[in-house]
Amino acid sequence: MTITFHNTLARKKEAFTPLESGKVRMYCCGITVYDYCHLGHARTCLIWDVARRYLQWRGYDVTYIQNFTDIDDKILNRARKEGITMEEVSERFIAAYFEDMKRLGIGEADVYPRATHTLDGIKRLVTELEEKGYAYPSQGDVYYQVRQFKQYGQLSGRKLEDMQAGASGRVAVESAEDTKKKDPFDFALWKASKPGEPAWESPWGSGRPGWHIECSAMVRDRLGETIDIHVGGSDLVFPHHENEIAQSEAVTGKPLARYWMHNGMVRVNGEKMSKSLGNFTTIRDLLDGKWWFPNQTPRDKPIEPMAIRLFVLQAHYRKPLDFTEDALEAAANGWQTLKEGLLFGDKYGKQLNWDNLDILATGTNLWAERFTAIIDDDLNFAGGLAVLFEIAKELRKEGNIIVHEGKTETDSLQLYHQWRSLVELAEVLGFTVEPEAESEATEGLSDADIETLIQKRTEARKAKDFAESDRIRDELSAQGITLIDQPGGVTKWHR
RNA sequence: GCAUCGGUAGCCAAGAGGUUGAAGGCGGGAGCCUGCAAAGCUCUUAUUCGUGGGUUCGACUCCCACCCGAUGCUCCA
């Protein structure tokens, strides 16, 4: 079976073959650390982490790298405002990043390079670009000469002439930077530092790297000249990734990445969720229940991490995803279904005598086969989830039958394999559940207390004293106990 | 304006030239059970895939035009 990916570069799906058999080198453009992460960042991190998990599950040895941009005007602005250093700002938000991602159950990358740790590689790259005639210094800055790189625009599908025509209306105001450029399309590889700004020594004077160059340098340092998969948000296609290609390929003469993949944006009220629009909801606010929509009163509704995962994974990664309360609620409810399926073994395994089962290695797993075939096709996680739901729903039903009837007719071994399949496949997508979470300690009423109350209620019902019987039912229900009145006056219960 | 990606049931959302029953989730409805509920269980919820043309024996799926939306062309996941 072949895995296919939609390659932004080719603008179509292509069969995936890694450069080196069995190994995948993958780079994800990370975040600029000047604020807390929002749902949009979560989507990107989640999707590509799951992509990596999936490739691992499919047998690949994956090296996954994600960077932190820790040199940037926005970080600098924040540092100035707070009267601290740029480093202090970035350290704080890197720490916050790890906290948030951990809470969401997103796995860690193998390495998290930072711009500040990559200066040698950056300077080397700029020097080489200069030597090869792709870069020129100008008043302490160094610029990339876009017109030198004839393939410029290949990733984003644009031509310089078109851009010029389109931009002519709005680029009326020339910034100071523009006067240093030979051509408006040129972009900075290195910027001279202004007084009081963090700066690094370089052959071009003291300064700091431009934004795009760090990724080129990190990829080269950590993964080599050509990697398998380069991913990021679709808003990075141009100019960021286009410029990365121009920088790296001008030097190496080799493709920077064989597959470029981009995830769609999260939207709010039809607009992209973004820092600059101010319509973002941070991950921690969502998890802590302190979130709201623009012009609305704040919610006090913590969202479970796994519900966020479901919300994200139910949409195809390339499509935009609307952030609405309804969608979030649907995901939260959907997660309950999945969760009940995942807990099936913990709740009923004993009763089904699984400990004494003669468990043989299963041959073909039809669910896993379907799951794989679906996701192999350009990471169709939503399609894969449908398989999970089918299994989870059946298990939930079996669980309910056991609770209501005390037993099930379904074969115990079959249920075991079904449950194992669900757990395994769910794990590939990062869905996990803690069994402890469900076993609410026997605080409050003891089983005996409950039985006594139910007995009282049964008597009241016999006497047609429904006011009293309903009162007892309400009392128990307030304790989280559900009564099941069955034919023949039998009442079962469960917490 | 140019480029790119979309428009599938009440909502979210897969899929894809041939019968495919157009997945799945959420929500809703009906029945069974119950004193009534709840919890369950069963059944049900798009003759149709933005609009209009075309290609084809056949299109939701391919092509063209149009309408609508998003993103990028400035920092952005």
_Mind checking if A:Glu271 touches a base, just sugar-phosphate, or nothing, with heavy atoms under 4.0 Å?_
sugar-phosphate

Does A:Thr32 place a side-chain N or O at less than 4.0 Å from the phosphate oxygens OP1/OP2 of B:A77?
yes

At under 4.0 Å between heavy atoms, what does A:Phe238 touch on the DNA or RNA strands: base, sugar-phosphate, or nothing? sugar-phosphate

Looking only at B:G35, B:U71, B:G40, the nucleotide nearest the A:Ser469 side chain is B:G35

Discussion item. Taking only side-chain N and O atoms of A:Lys393, does any of them lie within less than 4.0 angstrom of OP1 or OP2 on B:C26?
Written reply: yes

* **Cation-aromatic face contact A:Arg222/A:Tyr27, 6.0 Å, 45 degrees** => no

C1' gap between B:C68 and B:A77, integer Å:
26 Å

From NE2 of A:His494 across to P of B:A38 the rounded distance in Å is 14 Å

So A:Arg43, base contact, sugar-phosphate only, or nothing? Heavy-atom distance under 4.0 Å.
nothing

Contact class for A:Val403 (heavy atom, under 4.0 Å): base, sugar-phosphate, or nothing? nothing

**Message:** Taking the C1' atom in each of B:A65 and B:A46, what is the distance between them to the nearest angstrom?
**Reply:** 27 Å

Note to self: When the C1' atoms of B:G10 and B:U45 are compared, how many Å lie between them, rounded to an integer?
What the structure shows: 10 Å

The Watson-Crick or G-U wobble partner of B:G40, with both key distances under 3.5 Å, is B:C32

Hey, is A:Phe389 stacking on B:G25? Ring centres under 5.5 Å, planes under 30°.
no

Picking from B:C73, B:U34, B:A77, the nucleotide nearest the side-chain atoms of A:Arg461 would be B:U34

* Is A:Lys275 touching bases, backbone alone, or none of the nucleic acid, heavy atoms closer than 4.0 Å? -> nothing

So what does A:Gly232 touch, heavy atoms closer than 4.0 Å: a base, only the sugar-phosphate, or nothing? sugar-phosphate

Applying side-chain contact (heavy atoms from CB on, under 4.5 Å) to A:Thr408 and not counting sequence neighbours gives A:Leu352, A:Glu398, A:Ile401, A:Ile402, A:Thr410, A:Leu415

Comparing nearest nucleotides in RNA chain B, the 5'-proximal residue of the pair A:Ala386, A:Gly233 is A:Ala386

Using a 4.0 Å heavy-atom cut-off across all strands, classify A:Asp378 as base, sugar-phosphate, or nothing.
nothing

From CD of A:Glu398 across to P of B:G40 the rounded distance in Å is 15 Å

- Salt-bridge contact A:Lys301-A:Glu325 (side-chain N to carboxylate O under 4.0 Å): yes

Winner on side-chain proximity to A:Arg473, out of B:G35, B:A13, B:G40, is B:G35

Checking B:U34, B:A14, B:A77 against the side chain of A:Ala382 (C-beta onward), the nearest is B:A14

*Could you measure between the two C1' atoms, the one in B:G27 and the one in B:U56, and give it in whole Å?*
40 Å

Q) Reckon A:Lys397 has a side-chain N or O less than 4.0 Å from the OP1 or OP2 of B:U42? A) yes

Taking a pair to mean Watson-Crick or G-U wobble geometry with both distances below 3.5 Å, B:C75 pairs with none

The Watson-Crick or G-U wobble partner of B:C26, with both key distances under 3.5 Å, is B:G10

Side-chain contact check for A:Arg158: nearest option of B:A77, B:C36, B:C73 is B:C73

*Residues A:Lys492 and A:Asp485 bridged, charged N to O under 4.0 Å*: no

Between B:A38 and B:G24, how far apart are the P atoms? Round to whole Å, please.
26 Å

When rounded to whole Å, the CD to P distance for the pair A:Glu242 and B:C2 reads 20 Å

Q. Using atom P of each nucleotide, how far apart are B:G25 and B:C32 to the nearest Å?
A. 25 Å

Check A:Glu197 with A:Lys191, please: is the shortest side-chain N to carboxylate O separation under 4.0 Å? no

Worksheet item: Hey, does A:His240 reach any base, or is it just sugar-phosphate, or nothing, if we go heavy atoms under 4.0 Å?
Response: nothing

Looking only at B:A39, B:U34, B:C73, the nucleotide nearest the A:Ile484 side chain is B:A39

Taking a pair to mean Watson-Crick or G-U wobble geometry with both distances below 3.5 Å, B:A70 pairs with B:U4

Would you say a side-chain N or O of A:Ser477 is under 4.0 Å from OP1 or OP2 of B:A38? no

Begin with the C-alpha distance, continue with both residues' side-chain angles, and end with the deciding distance and a verdict on salt bridge (charged side-chain N to carboxylate O under 4.0 Å, His left out) for A:Lys102 and A:Glu99. CA-CA 5 Å; A:Lys102 193 173 176 193; A:Glu99 261 176 53; over 6 Å; no

Quick note, A:Arg11 side chain, CB onward, closest among B:G25, B:U4, B:U34 is B:U4

Under 4.0 angstrom between A:Lys319 side-chain N/O and B:U71 OP1 or OP2: no

> How is A:Lys74 classified with respect to the nucleic acid when contacts are heavy atoms under 4.0 Å: base, sugar-phosphate, or nothing?
Replying inline: base

Hey, does A:Thr8 reach any base, or is it just sugar-phosphate, or nothing, if we go heavy atoms under 4.0 Å?
-> nothing

With the side chain defined as heavy atoms from C-beta on, A:Thr482 is closest, among B:A39, B:U71, B:A13, to B:A39

For A:Leu310, which contact category applies under a 4.0 Å heavy-atom criterion: base, sugar-phosphate, or nothing? nothing

Per side chain to side chain contact (heavy atoms under 4.5 Å, CB included), A:Arg309 is matched among A:Leu338, A:Thr432, A:Leu46 by A:Leu46

Considering only heavy side-chain atoms of A:Asp485, the closest of B:A77, B:C36, B:C75 is B:C36

Select base, sugar-phosphate, or nothing to describe what A:Arg457 touches, counting heavy atoms under 4.0 Å on all strands. base

Note to self: In whole Å, measure the gap between the C1' atoms of B:C11 and B:G18 for me.
What the structure shows: 32 Å

The reported gap from CH2 in A:Trp367 to CD in A:Glu424 (rounded to nearest 0.5 angstrom) is 12.0 Å

Discussion item. When you measure only distances, ignoring hydrogens and angles, does the side chain of A:Asp470 come within 3.5 Å of the base of B:G35 through a donor and an acceptor?
Written reply: yes

**Message:** Work out how far the C1' atom of B:C5 is from that of B:A9, and round it to whole angstrom.
**Reply:** 23 Å

The Watson-Crick or G-U wobble partner of B:A65, with both key distances under 3.5 Å, is B:U51

Against the side chain of A:His41, the closest entry in B:G69, B:A77, B:C26 is B:A77

Result for 5'-nearest mapping on RNA chain B, choosing between A:Leu321 and A:Cys29, is A:Leu321

What one should report as the nearest heavy-atom pair of A:His240 and A:Cys215 is NE2-SG, 3.4 Å

Scanning all shown strands, the Watson-Crick or wobble mate of B:C57 with both distances under 3.5 Å is B:G18

Side-chain N,O (A:His404) to OP1/OP2 (B:G40) below 4.0 Å:
no

Q: Give A:Gly30 one of three labels, base, sugar-phosphate or nothing, depending on what nucleic acid heavy atoms sit under 4.0 Å from its own.
A: sugar-phosphate

OP1 or OP2 of B:G27 sitting under 4.0 Å from any side-chain N/O of A:Asn333? yes

Exercise for review: Step through it carefully: locate the ring centre of A:Tyr259, locate the ring centre of A:Phe16, and say whether they are under 6.0 Å apart.
Suggested key: yes

